[in-house]
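These notes concern the structure reproduced below.
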Amino acid sequence: MANKKKVIVTGFEPFGEHAVNSSWVAVQELERLGLGEAVDLHVCEVPVEYQAVQSLLPSLWKEHQPQLVVHVGVSGLATTVTLEQCAHNKGYKRLDNCSFCPSSQCCMDSGPDCIHSVLDMETVCKRVNQSGLRVALSVSKDAGRYLCDYTYYTSLYLGQGHSAFIHVPPLGKPYSSQDLGRALQATIQEMLKLLELDPKHNKHCNHKHHHQHDYV
């Protein structure tokens with residue numbers, strides 16, 4: 001099918017206390033389930049390293065020319081599957097798996113403070129929660145100022161808002177890998193439906209958040 005939609009979904013490698021990263025486990029489960037015949041799904045595992053993200057993401061966007069890139073990360077605080085509406089440019093002080101952080105503590109030197117996804121996460125959340133999936137979704141505007149936020153900002157910047165970020169809880173707290181895989185499948189399918197319907201636009205904001213979270 002020449003007109004297949006191309007979607008990239010990423011998870012993260014283990015870090016810190018997360019010896020198994022539920023985000024990558026969930027993405028592998030999604031790969032097994034697929035997104036339907038009309039979608040060409042490509043998955044990859046992202047290192048928990050700022051510099052690796054800066055080199056990997058531009059090549060992913062350029063090589064695949066995707067309609068949507070969805071990043072999935074683990075949050076030790078999450079008890080729901082959490083859709084992140086926006087990502088932030090500044091405040092990256094936490095060291096990565098290589099004991100590195102950007103000297104500027106910034107993602108893109110000339111970028112806006114905050115970039116929103118073109119997707120309305122409240123709408124996606126509502127639709128999936130009403131679908132009888134038995135996995136609860138919620139929406140957040142603070143992706144945690146670590147590799148999750150950094151990766152999301154980079155993709156929103158490169159893809160002009162055509163990206164999404166989903167935080168998942170650790171495995172068994174309370175959801176299994178199968179639960180999380182099904183939740184990713186239902187959520188991304190709703191996102192693709194919204195992209196077909198909604199005018200594509202980019203929104204910037206200047207939200208200031210100062211929360212410390214156990215996010216990737």
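Hydrogens, waters and symmetry mates play no part in the numbers below; they use all other heavy atoms, side chains included.
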Between [X] (side chain) and [Y] (backbone), is there a donor-acceptor pair under 3.5 Å?
{"X": "S55", "Y": "A52", "value": "yes"}
{"X": "D149", "Y": "H88", "value": "yes"}
{"X": "N97", "Y": "F15", "value": "no"}
{"X": "R94", "Y": "R145", "value": "no"}
{"X": "S75", "Y": "V168", "value": "no"}
{"X": "Y146", "Y": "L95", "value": "yes"}
{"X": "Y175", "Y": "A136", "value": "yes"}

Side chain to side chain contact (heavy atoms under 4.5 Å, CB included) evaluation trace for L156 with S117: CA-CA 7 Å; L156 287 169; S117 173; 4.0 Å; yes

Minimum side-chain heavy-atom gap [X]-[Y] below 4.5 Å:
{"X": "V25", "Y": "L180", "result": "no"}
{"X": "V74", "Y": "P170", "result": "yes"}
{"X": "V7", "Y": "P66", "result": "no"}
{"X": "L195", "Y": "H162", "result": "yes"}
{"X": "F12", "Y": "W24", "result": "no"}
{"X": "L158", "Y": "P58", "result": "yes"}
{"X": "T10", "Y": "V43", "result": "no"}
{"X": "E84", "Y": "K141", "result": "no"}

Could you tell me which residues satisfy ring pair (Phe, Tyr, Trp, His ring centres under 6.0 Å) with Y152, sequence neighbours excluded, listed by chain and number?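 If we apply the ring pair (Phe, Tyr, Trp, His ring centres under 6.0 Å) test to Y152, skipping adjacent residues, the hits are F165.
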
What's the spacing between [X] [atom1] and [Y] [atom2] if we round to 0.5 Å?
{"X": "C125", "Y": "L83", "atom1": "SG", "atom2": "CG", "answer": "5.5 Å"}
{"X": "L60", "Y": "Q65", "atom1": "CG", "atom2": "CD", "answer": "12.0 Å"}
{"X": "S23", "Y": "L184", "atom1": "OG", "atom2": "CG", "answer": "9.5 Å"}
{"X": "L137", "Y": "E122", "atom1": "CG", "atom2": "CD", "answer": "11.0 Å"}
{"X": "N89", "Y": "C114", "atom1": "CG", "atom2": "SG", "answer": "9.5 Å"}
{"X": "Y92", "Y": "F100", "atom1": "OH", "atom2": "CZ", "answer": "13.5 Å"}

Pairs flagged by ring pair (Phe, Tyr, Trp, His ring centres under 6.0 Å) wherever residues 51-77 is involved - sequence neighbours left out: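 Every pair satisfying ring pair (Phe, Tyr, Trp, His ring centres under 6.0 Å) with a residue in residues 51-77: H42-H64.
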
Donor-acceptor pair between D142 and S140 side chains, under 3.5 angstrom: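 The criterion, which ignores hydrogens and geometry beyond distance, is not satisfied for S140 and D142.
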
Heavy atoms only: give me the nearest [X]-[Y] pair and the separation to one decimal.
{"X": "A78", "Y": "P169", "value": "O-CB, 3.3 Å"}
{"X": "V69", "Y": "S155", "value": "CG1-OG, 3.8 Å"}
{"X": "L192", "Y": "K5", "value": "CD2-CD, 4.2 Å"}
{"X": "L41", "Y": "G34", "value": "CD2-CA, 4.4 Å"}
{"X": "A183", "Y": "L133", "value": "CA-CD2, 3.5 Å"}
{"X": "A143", "Y": "C86", "value": "CB-O, 4.4 Å"}

For [X], which residues count as a side-chain hydrogen bond (donor to acceptor under 3.5 Å, both in side chains) partner, sequence neighbours excluded?
{"X": "T80", "answer": "T82, S138"}
{"X": "E29", "answer": "R32"}
{"X": "T187", "answer": "none"}
{"X": "Q54", "answer": "Y150"}

Side-chain atoms of residues 101-111: list all donor-acceptor pairs with protein atoms under 3.5 Å, sequence neighbours left out, distances to 0.1 Å.
{"residue": "S104", "atom": "OG", "partner": "C106", "partner atom": "N", "Å": "3.2"}

Do L35 and Q189 pass the side chain to side chain contact (heavy atoms under 4.5 Å, CB included) test, and can you show the C-alpha distance, the side-chain angles, and the key distance before you say yes or no? CA-CA 7 Å; L35 289 169; Q189 284 171 338; 4.1 Å; yes

Please identify each residue that fulfils side chain to side chain contact (heavy atoms under 4.5 Å, CB included) with A164, with sequence neighbours left out.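 Checked A164 against side chain to side chain contact (heavy atoms under 4.5 Å, CB included); matches are V70, L119, M121, M191.
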
Identify, with sequence neighbours excluded, every residue that meets side chain to side chain contact (heavy atoms under 4.5 Å, CB included) alongside E190. V124, R127, V128, K193

Test log, rule side chain to side chain contact (heavy atoms under 4.5 Å, CB included), inputs I188 and L30: CA-CA 10 Å; I188 296 167; L30 170 69; 3.8 Å; yes

Treat each ILVMFWY residue as a node, draw an edge where side-chain heavy atoms are under 4.5 Å apart, and state whether I166 and L33 are in one component.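 No; tracing contacts between hydrophobic side chains, which count when under 4.5 Å, never links both residues.
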
Taking only residues two or more places apart in sequence or in another chain, which ones pass salt bridge (Lys or Arg N to Asp or Glu O under 4.0 Å) with D179?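 With sequence neighbours excluded, D179 shows a salt bridge (Lys or Arg N to Asp or Glu O under 4.0 Å) to R182, given in chain and number order.
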
Can you tell me which residue pairs pass the salt bridge (Lys or Arg N to Asp or Glu O under 4.0 Å) test with a partner in residues 40-67, sequence neighbours excluded?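 Passing the test, one end in residues 40-67: K6-D40.
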
